[in-house]
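Quick notes on the structure that follows.
Start at 1 and go down the list; that is how both ligands and their atoms are numbered. FYI, the numbering just counts along the sequence from 1.
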Amino acid sequence: MLYQFLYPLHADFTFFNLFRYITFRTIYASLTAFLICLILGPFVIRKLSLMQIGQFIQSDGPESHLGKQGTPTMGGVLILFSVFASILLWGNFNNHYVLIALLSLFLFGFIGFVDDYLMQIKKENKGFTAKAKFLVQILFAIIVSYLIYKCPDFNSKLTIPFFNNYSPDLGIWYIPFASLVIVGTSNAVNLTDGLDGLAIGPFIVASVAYMFFAYVTGHSEFAQYLQFRHIGASGEITVICGTLAGAGLGFLWFNAHPAQVFMGDSGSIPLGGILGTIAVITKQEILLVIVGGLFVIEALSVIIQVGYFKMTNGKRIFRMAPLHHHFELKGWHESKVTVRFWIISITLALISLSTLKIR
Ligand code: 57M
């Protein structure tokens, strides 16, 4: 909104020209989201505690987690609020991709919020059933994918990392494909969110990586120079990526070990949802397997463990899935697992950025 109101003043005051620049707005959007989280954090955590929205810790997990009983959860509302508030100030609401990305954040935030609400506020034993949650996720992902597919500047060709000349056109099948990317990412981030700082760290890293991709894709000269498909309107997604990274850092302030708050499904499900949506909008959908490789590894560990468990009537490959529990049970301190997983996610993001040149 600041952008909408202040940029037109540039005719009289050249200073307001700055608001035209995506880079300027990205930096200030990210700082705004960070500060909102930092300032409102203690208030939100106190409120969640007063409302007794405390995590119930299952006794079948690693023993070290029992001490986390009662840690306030649903901190995702803080992340979502700071993102929406910051984008309201710095985002360009005339841009269709900005609107679709925010819609995705809202819809997936709704799923996470209802799930947390049923468990934490209504104190029902379970939130959504897993099946109901999955079906609503699929429905919302199809809506988001369809809207992207219908954008005038969108094309349904896939970008294959490292193989610039090969881009198969999925046509209408792009919609189920994009839905799969969005739902898969939402669930993978949710599965990863099991240690202090573990999900938000790699999420910040992925947001920063996509900030670069969105900027290059939206910039005609850079896109041409780096042989990227130029999608002018997707440049505004840079501001969203910066905002997500800023809000993520602000949340990490409180989620760092020992966590004062967990994000809950209100955080993990929409953050995964919007990350998948951004990958689709910037036409770097397949690259998400590398950018968000840590989420993929965590999700794969669950698929492998559950599959093997069923096939062998109760045998396990990992001590416990998702993978972070395996290392905890091997005796690694929680912080060691988290920081090492961050290192892996940064490395993967750097490899993904190399596709800017290697193609
Ligand atoms: C959510 N939730 C965390 C917190 C967070 C199919 C199966 C693999 C599903 C999986 C599952 O339920 N995953 C989804 C995982 C939980 O965190 C809450 O949930 C929110 C995210 N949705 O924001 O509100 C716990 O994680 C810890 N935590 C932190 N710090 C944080 O910043 O320490 C979270 C955030 C919190 C806290 O302890 O309570 C979770 O792990 O439950 N199920 C599992 O992950 C279970 N795995 C399992 O059963 N593995 C089996 C295979 C055969 C399926 C096996 O390997 O034998 C694990 N989770 C639990 N107990 N609680 C292991 C057993």
Should the proximity of [X] to ligand 1, defined as any heavy atom under 4.0 Å, be assigned to the side chain, the backbone, both, or neither?
| X | result |
| --- | --- |
| T73 | side chain |
| D193 | both |
| R319 | neither |
| V306 | side chain |
| K68 | side chain |
| I269 | neither |

Between the candidates [options], which shows the shortest non-hydrogen contact distance to [atom]?
| atom | options | value |
| --- | --- | --- |
| atom 52 (C) of ligand 1 | M320, Q305, H324, Q69 | Q305 |
| atom 61 (N) of ligand 1 | D60, I303, T192, D116 | D60 |
| atom 31 (C) of ligand 1 | F318, F251, F262, F254 | F262 |
| atom 38 (O) of ligand 1 | K310, H326, H65 | H65 |
| atom 6 (C) of ligand 1 | V302, T71, L66 | V302 |
| atom 46 (C) of ligand 1 | G194, A321, P258 | A321 |

How would you list, by chain and number, every residue that makes a ring pair (Phe, Tyr, Trp, His ring centres under 6.0 Å) with F213, sequence neighbours excluded?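 Only Y210 meet the ring pair (Phe, Tyr, Trp, His ring centres under 6.0 Å) criterion with F213.
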Determine whether the side chains of [X] and [Y] contain a donor N or O and an acceptor N or O closer than 3.5 Å.
| X | Y | result |
| --- | --- | --- |
| Y97 | D153 | yes |
| N255 | Q260 | no |
| T71 | Q55 | no |
| E298 | H324 | yes |

What about I281 and I274, same hydrophobic cluster or not, with Ile/Leu/Val/Met/Phe/Trp/Tyr joined at side-chain heavy-atom distances under 4.5 Å?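 Yes.
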Determine all donor-acceptor pairs shorter than 3.5 Å in which one atom belongs to a side chain in residues 31-44; sequence neighbours excluded.
{"from": "T32", "atom 1": "OG1", "to": "Y28", "atom 2": "O", "distance (Å)": "2.5"}
{"from": "T32", "atom 1": "OG1", "to": "W90", "atom 2": "NE1", "distance (Å)": "2.8"}

List the steps, then state whether side-chain hydrogen bond (donor to acceptor under 3.5 Å, both in side chains) holds for S179 with S145. CA-CA 6 Å; S179 307; S145 305; 3.2 Å; yes
Which atoms from ligand 1 have a heavy atom of [X] less than 4.0 Å away?
| X | value |
| --- | --- |
| G61 | 61 (N), 64 (C) |
| D196 | 29 (C), 30 (N), 31 (C), 32 (O), 33 (O) |
| N255 | 32 (O) |

Decide whether the shortest distance between a heavy atom of A259 and an atom of ligand 1 is less than 4.0 Å.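 A259 does not count as a contact of ligand 1 under the 4.0 Å cut-off.
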Run the side-chain hydrogen bond (donor to acceptor under 3.5 Å, both in side chains) check on E328 and H65 step by step: do they pass? CA-CA 10 Å; E328 271 192 301; H65 284 246; 2.9 Å; yes
Check: L271 and F108 side chains under 4.5 Å, non-hydrogen atoms: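 Of all side-chain heavy-atom pairs linking L271 with F108, none is under 4.5 Å.
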Answer yes or no: is there a side-chain heavy-atom contact under 4.5 Å between D196 and K68?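 Of all side-chain heavy-atom pairs linking K68 with D196, at least one is under 4.5 Å.
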Please report whether ligand 1 has a polar contact with G264, defined as an N or O pair separated by less than 3.5 Å (distance criterion only).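 Such a contact does occur with ligand 1.
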